[in-house]
Amino acid sequence: MKTIGLTGGIGSGKSTVSQLLAERGAFVIDADKVGHEIYLPGKEAWQQVTAAFGPEILAADQTIDRKKLGAIVFGSTEARQRLNAIVHPLMFKDIAARIQAKRATGFSAPIVVEAAILIEANWIPLVDEVWLVEASTGAVVERVAAQRGLATSDTEARIASQLSNAERRKHAQLVIHNDGSLADLKQRVDRAWERLSQ
Ligand code: ATP
């Protein structure tokens with residue numbers, strides 16, 4: 001059975017689609033969670049990131065202080081690229097191991113890798129198909145404001161800083177449009193799920 005990479009821009013509906021797929025029997029790997037876990041003290045990413053950016057990025061309890069690290073990479077493309085060059089391949093390895101471990105248990109339903117940066121981080125080789133969740137800027141602005149109180153200008157700035165949907169579509173085998181209601185989205189996810197079992 002297939003492994004699906006689920007991607008899309010800020011507030012497009014990735015988590016909502018992941019949840020719907022999980023309800024239908026998929027096993028979901030959330031790349032955000034993997035990103036947090038690989039930073040734990042003693043892990044390879046912790047060692048490499050601390051070596052690259054210095055002990056000043058550590059909190060008192062030796063965990064990586066993501067705010068301090070964020071402040072360093074926020075203002076510098078070079079620092080961001082250096083961090084990504086360390087973290088993305090390690091996340092790739094970690095996600096690959098999770099997929100393998102799940103399949104080794106005999107799990108034969110679809111596995112979903114939910115990752116906003118699936119394409120940018122070069123993780124497509126992890127999956128058999130890429131599914132793109134796409135919503136209009138208007139819908140995203142409205143939903144993200146309701147969900148986490150983000151101002152329109154901030155949401156628009158984040159959209160502008162991410163890969164465009166035109167670019168993402170070049171890599172996607174399936175586009176799930178999410179401009180309608182949640183009921184519409186469920187129907188679309190049902191159709192996508194049925195397509196998987198054909
Ligand atoms: P991010 O990557 O920014 O975390 P995401 O792509 O995972 O976002 P979600 O968290 O799934 O997006 O959706 C953003 C918000 O929009 C959530 O509050 C979700 O409940 C809501 N939402 C998603 N789809 C719809 C829809 N079709 N109708 C109404 N609200 C929706």
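In listed order, ligands and their atoms are each counted from 1. Only heavy atoms go into these numbers, but all of them, side chains included; no hydrogens, no water, no symmetry mates.
E134 has no carboxylate O lying under 4.0 Å from a charged side-chain N of R168, or vice versa, which leaves the two without a salt bridge. Salt bridge annotation for E78-R82: present, with a cationic side-chain nitrogen under 4.0 angstrom from a carboxylate oxygen.
Here CG of N84 is found 10.0 Å from CE of M91. Values are rounded to the nearest 0.5 Å.
Neither the backbone nor the side chain of A116 has any atom closer than 4.0 Å to an atom of ligand 1 (non-hydrogen atoms only). With a 4.0 Å cut-off on non-hydrogen atoms, S181 touches ligand 1 through its backbone and not its side chain. Counting heavy atoms closer than 4.0 Å to ligand 1, residue R148 contributes side-chain atoms (C-beta onward) but none from N, CA, C or O. Under 4.0 Å from ligand 1, the heavy atoms of N178 that appear belong solely to its side chain.
By the 6.0 Å contact criterion, CD on Q162 is enclosed, its count of non-hydrogen atoms from other residues, nucleotides or ligands being greater than 12.
Every atom of ligand 1 is numbered from 1 in the order shown, and the set under 4.0 Å from a heavy atom of I10 is 3 (O).
Of all protein heavy atoms, the one closest to atom 19 (C) of ligand 1 is T16 OG1, 3.7 Å.
Side chain of K14 to backbone of G9: a donor-acceptor contact under 3.5 angstrom is found.
E129 pairs by the salt bridge (charged side-chain N to carboxylate O under 4.0 Å, His left out) definition with K2, R195, not counting sequence neighbours.
At a 4.0 Å cut-off, at least one heavy atom of G9 sits close enough to ligand 1 to count as contact.
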